[in-house]
Amino acid sequence: MSERELRRNLAILPIGTVRELTLLSDRQIRYYEQNELIMPNRGAGGQRRFSLNDVDRLLEIKDFLDAGDSIKDIQEIFAKQHRIALEKHDSELALRRSLQKEFAQIGRFGR
DNA sequence: CTTCTCACA
DNA sequence: TGTGAGTA
């Protein structure tokens, strides 16, 4: 994983900061967590720790809600996004393997 | 002072 | 979703 990805996944923001960043109430943020739309880490004392990705996700949730989508609709949207991300990962992995194989062939002919 | 969970005149 | 109670 790149350093940039690790940084975006660093969960260190307390709910108060996230509340101001997203303009959502802490009540809403906890409610979305109950509905598995977000799953922040937990720190000392059971306090939630959010990452920048969590903040982006909350912003998306707010937009979808404003657009009229229900909690369940958003759950499905995220599930679909997750499937697409997995497929993309698999296809890229397959491409790397086939290219690696072809280069190996070229290497043998060049000898 | 901030956050957490739980309950609801 | 909001709010108040009682904690940690």
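Just so it is clear: chains get the letters A, B, ... in the order the sequence lines come, proteins before strands, and each one is counted from 1.
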message: Go through it in stages, so that I can follow the logic: the residues are A:D66 and A:K62, the test is salt bridge (Lys or Arg N to Asp or Glu O under 4.0 Å), and I'd like the CA-CA distance, side-chain angles, deciding distance and then a yes or no.
response: CA-CA 6 Å; A:D66 287 340; A:K62 191 167 70 164; over 6 Å; no
Sidechain-backbone polar pair: [X] side chain, [Y] backbone, donor-acceptor under 3.5 Å:
{"X": "A:R57", "Y": "A:L37", "result": "yes"}
{"X": "A:D73", "Y": "A:S70", "result": "yes"}
{"X": "A:D69", "Y": "A:L65", "result": "no"}
{"X": "A:Q75", "Y": "A:N35", "result": "yes"}

statement: Between the CG atom in A:L21 and the CG atom in A:L59, the distance rounded to the nearest 0.5 Å is 8.0 Å
message: What verdict does the side-chain contact (heavy atoms from CB on, under 4.5 Å) test give for A:E87 and A:H89, after you've listed the backbone C-alpha separation in whole Å, the side-chain angles of each residue and the deciding distance to 0.1 Å?
response: CA-CA 5 Å; A:E87 288 172 17; A:H89 178 269; over 6 Å; no
Is there a path of hydrophobic side-chain contacts, each under 4.5 Å between heavy atoms of I/L/V/M/F/W/Y residues, joining [Y] to [X]?
{"X": "A:I12", "Y": "A:F50", "answer": "yes"}
{"X": "A:I84", "Y": "A:I74", "answer": "no"}
{"X": "A:Y31", "Y": "A:I15", "answer": "yes"}

With A:T17 via side chain to side chain donor-acceptor pair (under 3.5 Å) - residues at least two apart: none
- line: Within residues 53-73 of chain A, the residues having a heavy atom closer than 4.0 Å to DNA chain B are none
- request: List in numerical order all residues of residues 8-18 of chain A for which some heavy atom is under 4.0 Å away from an atom belonging to DNA chain B.
  value: A:P14, A:I15, A:G16
Between N or O atoms, less than 3.5 Å apart, protein on one side and nucleotides 5-9 of chain B on the other: list the pairs.
unit_1, atom_1, unit_2, atom_2, d
B:dT5, OP1, A:R42, NH1, 3.3
B:dT5, OP1, A:R42, NH2, 3.3
B:dT5, OP2, A:R48, NH2, 2.3

query: Distance only, no hydrogens: is a donor on one side chain within 3.5 Å (strictly under) of an acceptor on the other, for A:N53 and A:R8?
result: yes
- request: Walk me through it: do A:L58 and A:V18 pass the test side-chain contact (heavy atoms from CB on, under 4.5 Å)?
  value: CA-CA 9 Å; A:L58 284 168; A:V18 177; 3.4 Å; yes
message: Check the phosphate of C:dG2 against A:S25, side-chain N and O only, distance under 4.0 Å to OP1 or OP2. Yes or no?
response: yes
query: Does A:Y31 have a side-chain nitrogen or oxygen under 4.0 Å from the phosphate oxygens OP1 or OP2 of C:dG2?
result: no
Secondary structure of DNA chain C in dot-bracket form (Watson-Crick or G-U wobble, distances below 3.5 Å, | marking inter-strand pairs): .|||||.|
message: Checking A:I29 against A:E33 for the side-chain contact (heavy atoms from CB on, under 4.5 Å) test, could you report, in this order, the C-alpha distance in whole Å, the side-chain angles of both residues, the deciding distance, and whether it holds?
response: CA-CA 6 Å; A:I29 296 172; A:E33 180 187 18; 6.0 Å; no
- prompt: Between A:D26 (CG) and C:dT3 (P), how many Å, whole number?
  reply: 10 Å
- request: Whole angstrom is fine here: how far is it from CG in A:L23 over to P in C:dT1?
  value: 14 Å
Tabulated below should be each protein N or O lying under 3.5 Å from an N or O of nucleotides 6-8 of chain C; please produce it.
none

task: With side-chain contact (heavy atoms from CB on, under 4.5 Å) as the test, would you mind laying out the steps for A:E36 and A:F78 before giving the verdict?
output: CA-CA 10 Å; A:E36 302 176 281; A:F78 285 159; over 6 Å; no
